*Asks:* 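Take this structure, written in structure tokens, and hold onto it; I'll ask about it next.
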Amino acid sequence: MVYSTVVSNKPADPEERLTYRDMPTPLGDLRLVASPKGLRGAWFTDQALLPPPDGWTLTDSDPFLEQARRELDEWFAGERRLFDVTLDPMGTTFQHQVWHALCALEFGTLTSYGELARTVNRPKGAQAVGGAVGRNPISIIIPCHRVIGADTSLAGFGRG
């Protein structure tokens, strides 16, 4: 997976062209959003901005959206374990550190918020890591679903 090194905690440039499309999944409809640099977001439509903000263009022909849809279909079918789509999420430097660490987890691996905090050199930062995990803008592909509480519970998991 290619992860953009662009780190920003500023709002997206209003002139930046963002495209989107929705796709059905076994867990519900997913809204995919792409910037010119890569996949910007993947939110379940019950968590996405509805209606989409002004400036977003509905399309079926964006290469990042097409690749993300294809790879997600393969993942849900059990035919894919790793994603190759280029990612371009917006977030703080710390959030990007956490999201990179999540992307480095091997398929099927679970980790706790505390273990993830140690991975990003914040050994006492489990709550801060939880905040970054909770703000993951690219569901499934950045695998926040692999993070569990220290007691192995599904602490903070947004999809129930």
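Here the structure is a predicted model, which means the values were calculated and not measured.
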*Asks:* Is any side-chain heavy atom of I141 closer than 4.5 Å to a side-chain heavy atom of V85?
*Replies:* yes
*Asks:* Is it true that T57 and T59 share a donor-acceptor pair across their side chains at a distance under 3.5 Å?
*Replies:* no
*Asks:* To the nearest 0.5 Å, what is the distance between CZ (R69) and OG1 (T25)?
*Replies:* 13.0 Å
*Asks:* Report the relative orientation of the aromatic rings in W56 and W43; use parallel for angles under 30°, tilted for 30 to 60°, perpendicular for over 60°.
*Replies:* parallel
*Asks:* Could you work out, with side chain to side chain donor-acceptor pair (under 3.5 Å) as the rule, every residue matching S35, not counting sequence neighbours?
*Replies:* D88
*Asks:* Who pairs with D29 by salt bridge (Lys or Arg N to Asp or Glu O under 4.0 Å), at least two apart in sequence or on another chain?
*Replies:* none
*Asks:* When rounded to the nearest 0.5 angstrom, what is the spacing between CD in E16 and CE in M90?
*Replies:* 7.0 Å
*Asks:* State, to 0.1 Å, how close S112 and V147 come at their nearest heavy-atom pair, and which atoms those are.
*Replies:* C-CG1, 4.0 Å
*Asks:* Considering only heavy atoms from C-beta outward, does the side chain of F64 approach that of L32 to under 4.5 Å?
*Replies:* no
*Asks:* To the nearest 0.5 Å, how far apart are CD in E79 and CG in D73?
*Replies:* 9.0 Å
*Asks:* List for me each residue that meets side chain to side chain donor-acceptor pair (under 3.5 Å) alongside E74, sequence neighbours excluded, and say none if there are none.
*Replies:* R80
*Asks:* Looking at NE2 of H145 and CG of L105, how far apart are the two atoms once the value is rounded to the nearest 0.5 Å?
*Replies:* 9.5 Å
*Asks:* Only distances under 3.5 Å count here; give the side-chain donor-acceptor pairs of residues 121-140 to other protein atoms, sequence neighbours excluded, each with its distance to 0.1 Å.
*Replies:*
| from | atom 1 | to | atom 2 | distance (Å) |
| --- | --- | --- | --- | --- |
| R135 | NH1 | G131 | O | 2.9 |
| N136 | OD1 | I138 | N | 2.9 |
| N136 | ND2 | I142 | O | 2.8 |
| S139 | OG | A42 | O | 3.1 |

*Asks:* If you take all heavy atoms of D84 and E71, which pair is closest and at what distance?
*Replies:* N-OE1, 2.9 Å
*Asks:* Of the non-hydrogen atoms in P89 and L87, which two are nearest, and what is the gap between them?
*Replies:* CD-C, 3.5 Å
*Asks:* Around atom CD of E106, are there more than 12 heavy atoms of other residues, nucleotides or ligands at under 6.0 Å?
*Replies:* no
*Asks:* Only counting residues at least two apart or in another chain, list the ones meeting side chain to side chain donor-acceptor pair (under 3.5 Å) with T109.
*Replies:* none
*Asks:* Nearest 0.5 angstrom please: R31 CZ to L58 CG, how far?
*Replies:* 8.5 Å
*Asks:* Looking only at heavy atoms, which two atoms of A101 and L116 are closest? And how far apart?
*Replies:* CB-CD1, 3.7 Å
*Asks:* Side-chain contact, heavy-atom cut-off 4.5 Å: R118 with T111?
*Replies:* no
*Asks:* Quick one: pull up CG in L30 and CZ in F76 and give me the separation to the nearest 0.5 Å.
*Replies:* 7.0 Å
*Asks:* Locate the shortest heavy-atom distance separating T19 from R17; write the atom from each residue and the value.
*Replies:* CG2-NH2, 3.5 Å
*Asks:* List in chain and number order the residues that pass side chain to side chain donor-acceptor pair (under 3.5 Å) with R21, two or more places apart in sequence or in another chain; answer none if no residue qualifies.
*Replies:* none
